[in-house]
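In this chain, residues are counted from 1 in sequence order. Not measured: the values here are computed from a predicted model.
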Amino acid sequence: MDTAGGGWTVIQRRGDGSVDFQKTWKEYKVGFGNPSGEYWLGNEFVSQVTSRKRYMLRIRLTDWAGNEAHSLYEHFSLSGEDLNYRIHLKGLTGTATRSRPQP
């Protein structure tokens, strides 16, 4: 949580496949896994926190060869359950690009 000056909250961590992410709506709502390993923080918590003030979202990707890329959204929030936790993103920068299948 010290990336780019620190202060980040990790919403999701995946790395070794030790946690099955094929979960139910309720499991994604409340969160699952263990913060010391793989986990999902929980949609309800993220929705409540991001509704209180402005947040940014940083996504860090690492491939199996250790190459890293990131995306940074200047504005990030999740709607509540009544709107199916719709994600709101604005202001994309970073080194991760959208890949397209090669013909």
Side-chain angles (χ1 to χ4, degrees):
M1 291 186 262
D2 57 1
T3 299
W8 299 95
T9 299
V10 178
I11 296 171
Q12 174 182 311
R13 178 178 291 131
R14 295 192 74 178
D16 60 12
S18 61
V19 172
D20 180 6
F21 275 68
Q22 295 294 318
K23 302 289 187 184
T24 65
W25 179 268
K26 183 177 181 183
E27 289 169 309
Y28 270 96
K29 177 180 178 175
V30 300
F32 55 86
N34 186 327
S36 65
E38 294 194 339
Y39 75 102
W40 177 256
L41 187 57
N43 289 340
E44 188 60 31
F45 178 79
V46 175
S47 173
Q48 289 180 15
V49 167
T50 61
S51 71
R52 294 184 182 138
K53 68 178 191 173
R54 183 175 155 189
Y55 281 87
M56 296 168 54
L57 176 67
R58 181 179 173 90
I59 301 169
R60 187 178 76 184
L61 305 167
T62 307
D63 68 15
W64 296 115
N67 301 306
E68 291 190 13
H70 76 277
S71 294
L72 181 67
Y73 292 91
E74 291 295 323
H75 302 277
F76 160 66
S77 65
L78 282 187
S79 295
E81 186 174 21
D82 58 328
L83 295 174
N84 296 322
Y85 298 113
R86 182 173 296 148
I87 192 167
H88 303 274
L89 301 169
K90 186 175 179 183
L92 173 62
T93 59
T95 60
T97 61
R98 198 179 255 186
S99 64
R100 295 183 180 162
Q102 298 300 316

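In terms of heavy atoms, A69 sits closest to T95 at CA-OG1, 3.3 Å. Scanning both residues, W8 and M56, for their nearest heavy atoms gives CZ3-O, 4.0 Å. Taking all atoms of both residues into account, the shortest heavy-atom contact from Y55 to T50 is CD1-CA, 3.8 Å. The shortest heavy-atom contact between E68 and T62 is CG-OG1, 3.4 Å. The minimum heavy-atom distance between Q48 and R52, with the atom names listed, is O-CG, 3.4 Å. Among all heavy-atom pairs drawn from Q22 and D20, the shortest one is N-OD1, 2.8 Å.
With a 4.5 Å cut-off on side-chain heavy atoms, N84 and W25 count as touching. For the pair L57 and I11, the minimum side-chain heavy-atom distance is below 4.5 Å.
For S47 (side chain) and N43 (main-chain N/O), no donor-acceptor pair under 3.5 Å exists by modelled atom type. Judged by distance alone, the side chain of E38 and the main-chain N or O of G17 form a donor-acceptor pair under 3.5 Å.
Here F21 and W40 keep their ring centres 6.0 angstrom or further from each other.
For E44, the salt bridge (charged side-chain N to carboxylate O under 4.0 Å, His left out) criterion is met by no residue, not counting sequence neighbours. With sequence neighbours left out, F45 forms a ring pair (Phe, Tyr, Trp, His ring centres under 6.0 Å) with no residue at all.
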Name the atoms and distances for all side-chain donor-acceptor pairs under 3.5 Å in residues 71-80, with sequence neighbours left out.
from: H75; atom 1: ND1; to: R54; atom 2: NE; distance (Å): 3.2
from: S79; atom 1: OG; to: H88; atom 2: NE2; distance (Å): 2.6

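With rounding to the nearest 0.5 Å, the separation of CZ in R13 from CG in L41 is 11.0 Å.
In the hydrophobic clustering of this structure, V30 does not group with V10; members are Ile, Leu, Val, Met, Phe, Trp, Tyr whose side-chain heavy atoms approach within less than 4.5 Å, directly or through other members.
Within a 6.0 Å sphere centred on CZ of R60, other residues, nucleotides and ligands contribute 12 heavy atoms or fewer.
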